[in-house]
Amino acid sequence: MKLTKDGLNDRQSWAKAGIGLPAYDSAQLAQRTKESPIWVHFGIGNIFRIFLGGIADRLISDGALDKGITCVEAFDFDVVDKIYAPYDNLTLAVTLHEDGRTDQRVLGSLAEAVKARPDDTAAWGRLKEIFSVPGLQMVSFTITEKGYALRGADGDYLSYVKADMDGGPGSAAGAMGVVTAMLYARFQAGRYPLALVSMDNVSQNGKKLRESVMETAKVWAGKGLVDQGFLDYVGDESVVSFPWTMIDKITPRPSEAVAKALSEAGVEDMDIVVTSKQTYIAPFVNAEGPGYLVVEDSFPNGRPPLERAGVYMASRETVNKSERMKVTVCLNPIHTALCTYACMLGYELFADGMGDPDLRELARQVGYVEGLPMVEDPRILSPKAFLDELMAVRFPNPCLGDTSARIAVDISQMVGIRFGVNIKAYVSRYGSAERLTAIPLAIAGWIRYLLAVDDEGRPFELSPDPMLPELREQLAGVEFGRPESLTDQLRPILSNTNVFGSDLYAAGIGEKIENMVRQELAGPGAVRAALKRALYPV
């Protein structure tokens, strides 16, 4: 069996393998979508393909939608060349249940894949054509936190952002530059309305997206690179809206076990690909069953009936509370807190780390003890029930195969949201965050992890992070087995408001984190000992 449109014609073989196929003609769907796109998505990796692609697939199957999603990649063009094009934009979605069962289904909802490359005349022209269609309703994003960033930790524009700011809409290459350039094409075509919908784990993600687009537009207008009227167009949220969202579906890297099982079932060419940008991707996507998406219902040009596929359509206030519940309390902080310790303690899989009593206690304290008291109930989802499901079912799922190393990617871009928001909440309520223990312990674990030495003194490979060179340089002189080697190296890191959202010394926990890191440096077994000392005080 081949995962291509022609390959799907052998429906009997797919059925015998237990793999569901689209109930619609994906080729006809693709043609309708190309002629009149309504939904564009940037960042076409794993979570997009199985979750948002799955939502569209359900709507199409139920007759609630007659167009698919136009997929745009602005970062890793290998994804289009190696995963989309060879498989006719089809995706094999594999759901991994905690009891070991799997469900497999081919999704045909991804209609077209386009590279956002200004140096590719045909691709760039097609993208402008898509954005000029009056009926285009929404542009969604899963480009990770760093995709929205314009500045580095030093406050200056990132090098590629500066190039975009200087070059204008005709040569934009970064995600925010490309999006703003396409909005300018839409403005020129007829000032048509549109919703730009961030679906990333970024606190107040719609606000962040809007700020980055507006800043880019203002710089271009100031340099005479766009019409002044463009600022009014982008700035009017009744015309160009930026809905806030909360998204949640744990989607690990492709599993070798899943690839093997699919191949044994007769599906050809299921090899996992690692692109030149270090994207781990395959013709299939494996993920957990549970998934949550809450979206602010603000769409100036209409929208697909997302609620018919289980999406919660809500007010901005409700979305904000849901996002805060997930990103700063229940899920992401626990992921970030445990992944670095799991790496240092030798647990490859996050689920195995959750089986460690000390790490499970750290998770409990980050979530239940220090998190829940600071979160407002969004009503549509109970924070405690959400956290209970994570702790009892989702985090310990051994079949998910999610690695601690994957979760540890880009932590510097996340700690300000995943821990910083709660730290600020404690300062606001109590005047200081000094009563916190688990969150400072999580931050200390991240600092200790950056030395790339495990709890037995063995070296290991750090996960990618744009700030690694800078952070490693700041930690120069800090040595495993020599706690005294840590003097004042952490002050530039822990006081960096661009990283944590506030000065952690001013918040009352800078020295506490320093002391925890010193304890974890003492020698073999020191990380474990420091965990026990902090989590189980005498």
Side-chain angles (χ1 to χ4, degrees), residues 39-53 55 69-80 83-84 110 113-118 123 127 130-131 138-152 157-161 163-164 172-183 194-216 240 242-251 253 275-281 285 293 295 323 326-327 332 406-407 409-414 416-418 463-467:
W39 181 354
V40 169
H41 186 88
F42 279 78
I44 56 177
N46 293 322
I47 190 171
F48 158 69
R49 293 159 69 210
I50 196 168
F51 195 14
L52 303 181
I55 287 171
I69 305 176
T70 303
C71 311
V72 178
E73 184 56 44
F75 174 68
D76 193 340
F77 303 127
D78 283 351
V79 170
V80 175
I83 296 299
Y84 279 76
L110 311 182
V114 183
K115 300 176 188 178
R117 295 191 62 164
L127 198 55
I130 291 166
F131 269 78
M138 64 182 287
V139 180
S140 52
F141 301 81
T142 49
I143 56 176
T144 75
E145 285 92 335
K146 63 184 177 182
Y148 303 91
L150 299 181
R151 291 177 169 80
Y157 282 136
L158 297 166
S159 58
Y160 71 89
V161 173
D164 284 356
M176 294 299 95
V178 169
V179 172
T180 309
M182 291 305 113
L183 279 175
L194 189 64
L196 273 65
V197 192
S198 170
M199 294 182 178
D200 277 297
N201 292 321
V202 179
S203 186
Q204 301 182 355
N205 48 20
K207 178 182 178 182
K208 177 62 177 174
L209 173 57
R210 185 176 191 273
E211 288 173 346
S212 295
V213 168
M214 286 299 301
E215 182 169 351
T216 304
V240 179
F242 296 82
W244 297 12
T245 70
M246 185 278 276
I247 189 170
D248 175 29
K249 190 176 187 70
I250 298 173
T251 308
R253 289 173 175 173
T275 71
S276 59
K277 296 287 184 69
Q278 294 300 297
T279 300
Y280 286 72
I281 198 163
V285 183
L293 180 59
V295 179
E323 179 271 335
K326 184 250 180 178
V327 175
N332 299 105
R406 181 198 74 85
I407 297 168
V409 171
D410 296 340
I411 285 183
S412 71
Q413 309 300 294
M414 303 170 181
I417 298 165
R418 299 183 177 184
S463 296
D465 189 304
M467 285 189 66

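The basis for the numbers below is simple: all heavy atoms, side chains too, and nothing from hydrogens, waters or symmetry mates.
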To the nearest 0.5 Å, what is the distance between CE on M246 and CG on L293? 8.0 Å

Flag side-chain contact, heavy atom, 4.5 Å: N201 against I247: yes

Return the minimal non-hydrogen interatomic distance between V202 and E145, and the atom names on each side. CG2-CG, 3.5 Å

Taking all atoms of both residues into account, what is the closest heavy-atom pair of S203 and I417, and its distance? CB-CG2, 3.7 Å

Please name the pair of heavy atoms, one in I44 and one in C71, separated by the smallest distance, quoted to 0.1 Å. CG2-CB, 3.4 Å

Just how far is it from atom CD1 of I407 to atom CD1 of I250, taken to the nearest 0.5 Å? 7.0 Å

How long is the span from the CG atom in N46 to the OG1 atom in T251, to the nearest 0.5 Å? 7.0 Å

Is any side-chain heavy atom of F51 closer than 4.5 Å to a side-chain heavy atom of V285? no

Show the nearest heavy-atom pair for residues L52 and I69, with the distance to one decimal. O-CD1, 3.8 Å

Nearest-0.5 Å distance, CD1 of residue I47 to CE of residue M199: 10.5 Å

Within a 6.0 Å radius of atom NZ on K207, are there more than 12 heavy atoms belonging to other residues, nucleotides or ligands? no

Is there a donor-acceptor pair closer than 3.5 Å between any side-chain N or O of T245 and the backbone N or O of S198? yes

One pair to check against side-chain contact (heavy atoms from CB on, under 4.5 Å): I83 and R49. What are the steps and the verdict? CA-CA 11 Å; I83 296 299; R49 293 159 69 210; 3.6 Å; yes

Can you tell whether the side chains of K277 and E73 come within less than 4.0 Å, N to carboxylate O? no

Out of curiosity, W39 CH2 to I55 CD1, how far, rounded to the nearest 0.5 Å? 6.0 Å

For V240 and V213, what are the C-alpha separation, side-chain angles and deciding distance, and is it a side-chain contact (heavy atoms from CB on, under 4.5 Å)? CA-CA 11 Å; V240 179; V213 168; over 6 Å; no

Rounded distance [0.5 Å steps], NZ in K208 versus CE in M176: 9.0 Å

Over all atoms of both residues, closest heavy-atom pair of A172 and D164: CA-OD1, 3.4 Å

Is the backbone N or O of L110 less than 3.5 Å from a side-chain atom of Y84, with the two atoms forming a donor-acceptor pair by type? no

Please evaluate residues Q413 and Y148 with respect to the criterion side chain to side chain donor-acceptor pair (under 3.5 Å), reporting the C-alpha separation (whole Å), side-chain torsions for both, the decisive distance (0.1 Å), and the verdict. CA-CA 11 Å; Q413 309 300 294; Y148 303 91; over 6 Å; no

Without swapping roles, check the side chain of N332 against the backbone of R418 for a donor-acceptor pair under 3.5 Å. no

F141 vs V179, side-chain contact (heavy atoms from CB on, under 4.5 Å): CA-CA, chis, key distance, verdict: CA-CA 10 Å; F141 301 81; V179 172; 3.3 Å; yes

Any donor-acceptor N/O pair, T142 side chain to G43 backbone, under 3.5 Å: yes

Begin with the C-alpha distance, continue with both residues' side-chain angles, and end with the deciding distance and a verdict on side-chain contact (heavy atoms from CB on, under 4.5 Å) for R117 and F77. CA-CA 9 Å; R117 295 191 62 164; F77 303 127; 3.0 Å; yes

Compare every heavy atom of A116 with every heavy atom of V72, then report the nearest pair and how far apart it is. CG1-CB, 3.9 Å

